[in-house]
Amino acid sequence: MADAKFVEKVDEEPGLPGKEANLDPTPEYMPRYPGSGRLKDKVAIITGADSGIGRAVAILFAREGAKVAISYLSEDEDAKKTARLVEDEGSEALLFAGDLGHKDLCERIVAETVAKWGRLDVLVNDAGEQHPDKNITDITPEQLQRTFQTNIFAQFYMVQAARPHLKKGAAIINTTSVTMYKGSPGLLDYSATKGAITAFTRSLSGNLVEDGIRVNAVAPGPIWTPLNPAGGSPPEKMEHFGESVPMGRPGQPNEVAPAYLFLACADSSYMTGQVLHPNGGSVVNG
Ligand code: NAD
Ligand code: MG
């Protein structure tokens, strides 16, 4: 089957993907508790794990005993640091740079991970991009296609590649967003991809339930990662980033990562097709 037409990175926000090494203050990514072996001997692939939420998930999974394959677009310095942090937890890391809009890269990530460690237990689809626009007429066809390519097509490609390796007890966790639940007037294309991700999560959960593979999602609120300061939000909005949620502050990646751990391990063995909401207290349904 021929590949879908690949859409190149758009130049609207040249600072994206942002570099965590340049962020001040440094996001809090370290787990807050000792490990308890909840992912002992498991193998996980986490996309977008060089920085932000994905980095915190990678370190937490490593602390709980998993080996971790880290996919990222191009931020080598951030990715190497995350790999070091995973190794500091006594685990192992694999790094995969490149654009997940290429289906063959998704296939390579899965194939090389399974070749190295012999199994695949957890897939976390976390990579994403966003481009703020005030007017719907400002969204170019290239940006529209690119945002869907990165945020949702890549999740399909990753799941398609992973599917043959996932056995009973495996877990898939997708990253959606509070913008999907509340709407986001300045992120029309992005929030629409997040709606697609939630629908995909629910549909896939039913598709895989009889095989004992669980599929859930996490819908973060405003989290302190490179995504928004590097161009994902307009600069004038960054000054008050996170202030409008009930807790009145942005969340840190290590306040979000435990939701992924819960959904990855047997603690959530009676949950599939669901979404968790680490969002500072915004009440949303579903
Ligand atoms: P981040 O910039 O640290 O992580 C996103 C990562 O995705 C980047 O590091 C980049 O390497 C990767 N990526 C982007 N495009 C890619 C591509 N085409 N191919 C391969 N990798 C690509 O930011 P983050 O906030 O940790 O974002 C992680 C996820 O959380 C995203 O899906 C984002 O939409 C979601 N999210 C973030 C927030 C927030 O406020 N930070 C809120 C809700 C949802
Ligand atoms: Mg990054």
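Residue numbers start at 1 and run along the sequence shown. Whatever order the structure lists ligands and atoms in, that order sets their numbers, starting from 1. Values below: every heavy atom of this structure, side chains too, minus hydrogens, waters and symmetry copies.
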Should you measure from each heavy atom of [X], which atoms of ligand 1 turn up under 4.0 Å away?
| X | answer |
| --- | --- |
| T175 | 29 (C), 30 (O), 32 (O), 35 (C) |
| Y190 | 33 (C), 34 (O), 35 (C), 36 (N), 43 (C), 44 (C) |
| P226 | 3 (O) |
| P222 | 40 (O) |
| G52 | 3 (O), 26 (O) |
| S51 | 1 (P), 2 (O), 3 (O), 4 (O), 9 (O) |
| D50 | 8 (C), 9 (O), 10 (C), 11 (O) |
| Y72 | 11 (O), 21 (N) |

[X] to ligand 1: N or O pair under 3.5 Å?
| X | value |
| --- | --- |
| K194 | yes |
| F241 | no |
| P17 | no |
| E75 | yes |
| D126 | yes |
| R146 | yes |
| V178 | no |

Next on the checklist: If hydrophobic residues (ILVMFWY) are linked whenever their side-chain heavy atoms come closer than 4.5 Å, directly or via other members, who joins M238 in its cluster?
Outcome noted: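 In the cluster with M238 are L23, W224, F241.
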Checklist entry - Closest approach of Q143 and D133, non-hydrogen atoms and distance? => result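 Shortest heavy-atom separation between Q143 and D133 comes out as NE2-OD2, 2.8 Å.
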Next on the checklist: Restricting to non-hydrogen atoms, name the atom on K103 and the atom on Q160 that form the minimum distance, rounded to 0.1 Å.
Outcome noted: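 Distance-wise, the nearest heavy atoms are CE-OE1, 3.3 Å.
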In terms of side-chain heavy atoms, does [X] have a donor or acceptor partner in [Y] at a distance below 3.5 Å?
| X | Y | value |
| --- | --- | --- |
| S51 | D78 | no |
| N151 | Q130 | no |
| T193 | T147 | no |

Identity and separation of the nearest protein heavy atom to [atom]:
| atom | result |
| --- | --- |
| atom 16 (C) of ligand 1 | T150 CG2, 3.7 Å |
| atom 40 (O) of ligand 1 | I223 N, 2.9 Å |
| atom 43 (C) of ligand 1 | P220 O, 3.3 Å |
| atom 18 (N) of ligand 1 | D99 OD1, 3.0 Å |
| atom 19 (N) of ligand 1 | L100 N, 3.0 Å |
| atom 42 (C) of ligand 1 | G221 O, 3.1 Å |
| atom 27 (O) of ligand 1 | L227 CD2, 4.2 Å |
| atom 13 (N) of ligand 1 | A127 CB, 3.8 Å |

Do the side chain of [X] and the main chain of [Y] share a donor and acceptor less than 3.5 angstrom apart?
| X | Y | answer |
| --- | --- | --- |
| S91 | A66 | yes |
| K42 | F61 | no |
| R38 | D267 | no |
| N216 | G273 | yes |

Closest to [atom] (judged by heavy-atom distance), picking from [options]:
| atom | options | value |
| --- | --- | --- |
| atom 5 (C) of ligand 1 | A230, G128, G54 | G128 |
| atom 20 (C) of ligand 1 | A79, G48, S71, G98 | G98 |
| atom 23 (O) of ligand 1 | N228, L187, T225, L105 | T225 |

Hey, could you give me the [atom1]/[atom2] distance between [X] and [Y], rounded to the nearest 0.5 Å?
| X | Y | atom1 | atom2 | result |
| --- | --- | --- | --- | --- |
| E92 | K67 | CD | NZ | 5.5 Å |
| L263 | L276 | CG | CG | 4.5 Å |
| E13 | H131 | CD | NE2 | 6.0 Å |
| H240 | S233 | NE2 | OG | 12.5 Å |
| S36 | E64 | OG | CD | 4.0 Å |
| D50 | T82 | CG | OG1 | 6.0 Å |

Checklist entry - Quick one: does L16 get within less than 4.0 Å of ligand 1, heavy atoms only? => result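 False for this residue.
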Next on the checklist: At a cut-off of 2.8 Å, what protein N/O/S atoms sit near the Mg ion (ligand 2)?
Outcome noted: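 Listed by chain and number: D50 OD2, S51 OG, E75 OE2.
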Next on the checklist: For Q274, give me all partners under side-chain hydrogen bond (donor to acceptor under 3.5 Å, both in side chains), at least two apart in sequence or on another chain.
Outcome noted: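 Testing Q274 for side-chain hydrogen bond (donor to acceptor under 3.5 Å, both in side chains), a comparison that skips the adjacent residues, returns none.
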Next on the checklist: Same cluster or not: L100 versus Y157, using hydrophobic residues (I, L, V, M, F, W, Y) connected whenever any side-chain heavy atoms lie under 4.5 Å apart?
Outcome noted: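 Yes: a chain of side-chain contacts under 4.5 Å links L100 to Y157.
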Can you give the donor-acceptor pairs under 3.5 Å from side chains of residues 246-262 to other protein atoms, not counting sequence neighbours?
from	atom 1	to	atom 2	distance (Å)
R249	NH1	E255	OE1	3.0
R249	NH2	E255	OE2	2.8
Q252	OE1	E28	N	2.8
N254	ND2	M30	O	3.0
E255	OE1	Q252	N	2.8
Y260	OH	T175	OG1	2.7

